[in-house]
Amino acid sequence: MKKSKLLFETTFDFDLLGLVAPLKDYKLAWLINTTLGIRLKKTEDYHLEFLNQPDLIISQFMLKKEHGFIQLLKNKSYPVGGRSRYLIPELLSMDYFLLCQDFTDEVDLNTYIDALSNVSGIHSIVKIDTIKLKSKENLLTY
């Protein structure tokens, strides 16, 4: 019997910002909403299951747009089995990630970076190249 292989390539068609902000998730979402004039809303926690490791349960806030979304994800998961894990373990210094997918070019990432860098409570903002991340598949939440 002839075997067939299914080959696929995942596309990461979003921009990613890493935020160092030692704040509660709802406080950071409120600061982002106030600063950028958007309406991120708390959605169901992102649940990621692994075969030989504890699950990841990540807090998330989302703004769905007509042609994309803006999503705030916490890097550190809720403790499962007494241990917390990280969404992107190679970036332990990042507290949150802001994913921006916009096919209309309505979202200007540089404007977001400039505005959020002036917010007290956000210590730093870094634009992250998703191609270089080992665990980039963890960011596919949609």
Side-chain angles (χ1 to χ4, degrees), residues 3-142:
K3 292 184 179 182
S4 298
K5 289 186 179 181
L6 175 64
L7 300 175
F8 68 93
E9 185 176 325
T10 307
T11 58
F12 299 92
D13 54 351
F14 53 81
D15 293 311
L16 182 65
L17 295 178
L19 299 146
V20 177
L23 300 169
K24 298 283 187 184
D25 54 0
Y26 59 86
K27 175 70 173 174
L28 181 61
W30 181 81
L31 285 170
I32 291 171
N33 285 342
T34 306
T35 304
L36 301 179
I38 60 176
R39 295 189 47 91
L40 289 170
K41 293 182 181 178
K42 176 76 172 149
T43 59
E44 187 176 322
D45 292 335
Y46 174 52
H47 193 98
L48 187 61
E49 297 177 8
F50 294 95
L51 293 177
N52 299 323
Q53 299 174 0
D55 296 350
L56 278 175
I57 302 173
I58 301 292
S59 173
Q60 69 176 342
F61 290 76
M62 174 90 67
L63 167 65
K64 293 183 181 178
K65 302 172 75 55
E66 187 176 340
H67 299 286
F69 63 89
I70 298 173
Q71 184 178 27
L72 178 67
L73 294 167
K74 191 170 185 177
N75 193 20
K76 191 174 183 179
S77 75
Y78 293 115
V80 175
R83 270 183 73 206
S84 290
R85 297 188 51 227
Y86 290 87
L87 182 65
I88 306 295
E90 59 267 28
L91 294 175
L92 295 177
S93 62
M94 295 297 152
D95 295 314
Y96 295 92
F97 297 104
L98 191 66
L99 282 78
C100 300
Q101 180 187 57
D102 182 36
F103 297 117
T104 62
D105 295 328
E106 182 180 305
V107 174
D108 182 18
L109 213 57
N110 292 326
T111 304
Y112 279 18
I113 292 170
D114 291 341
L116 292 174
S117 62
N118 295 323
V119 174
S120 64
I122 298 177
H123 296 205
S124 69
I125 302 170
V126 178
K127 186 173 179 180
I128 298 171
D129 184 8
T130 55
I131 303 300
K132 296 179 181 178
L133 295 176
K134 290 181 192 175
S135 52
K136 59 188 165 213
E137 286 83 16
N138 293 353
L139 295 170
L140 297 176
T141 60
Y142 50 93

Exercise. With sequence neighbours left out, which residue pairs that include part of residues 62-80 fulfil the salt bridge (Lys or Arg N to Asp or Glu O under 4.0 Å) condition?
Worked result: K65-E106

Seminar exercise, completed: Residues pairing under salt bridge (Lys or Arg N to Asp or Glu O under 4.0 Å) where one sits in residues 17-28, two or more places apart or in two chains, turn out to be none

Looking at every heavy atom in both [X] and [Y], which two are closest together, and how far apart are they?
X	Y	answer
I113	I125	O-CD1, 3.8 Å
S77	L56	CB-CD2, 3.6 Å
E44	Q60	O-NE2, 2.7 Å
K127	L17	CA-CD2, 3.9 Å

Seminar exercise, completed: side-chain contact (heavy atoms from CB on, under 4.5 Å) test vs F61 passes for just one of L72, I70, L28, namely L72

Problem set entry | Residue that, paired with L36, satisfies side-chain contact (heavy atoms from CB on, under 4.5 Å) out of T34, I38, N33 | I38

When rounded to the nearest 0.5 angstrom, what is the spacing between [atom1] in [X] and [atom2] in [Y]?
X	Y	atom1	atom2	value
C100	F69	SG	CZ	8.5 Å
I58	Q71	CD1	CD	11.0 Å
D129	D15	CG	CG	10.0 Å
I88	I128	CD1	CD1	8.0 Å

For this session: Check whether any side-chain heavy atom of K42 lies under 4.5 Å from a side-chain heavy atom of Y26, and answer yes or no.
Result: no

Exercise. With side chains defined as the heavy atoms from C-beta onward, is the minimum distance between T35 and L116 less than 4.5 Å?
Worked result: yes

Seminar exercise, completed: The complete set of side chain to side chain donor-acceptor pair (under 3.5 Å) pairs with one or both residues in residues 110-123, sequence neighbours excluded, reads D108-T111

For this session: Can you run down the side chain to side chain donor-acceptor pair (under 3.5 Å) pairs that involve residues 87-97, sequence neighbours left out, and say none if there aren't any?
Result: E90-S135

Exercise. Partners of S124 by side chain to side chain contact (heavy atoms under 4.5 Å, CB included), sequence neighbours excluded?
Worked result: V20

For this session: Would you check if the side chain of N75 reaches a backbone N or O of F97 as a donor-acceptor pair within less than 3.5 Å?
Result: no

For this session: Report the residues that fulfil salt bridge (charged side-chain N to carboxylate O under 4.0 Å, His left out) with K41, sequence neighbours left out, ordered by chain and then residue number.
Result: none

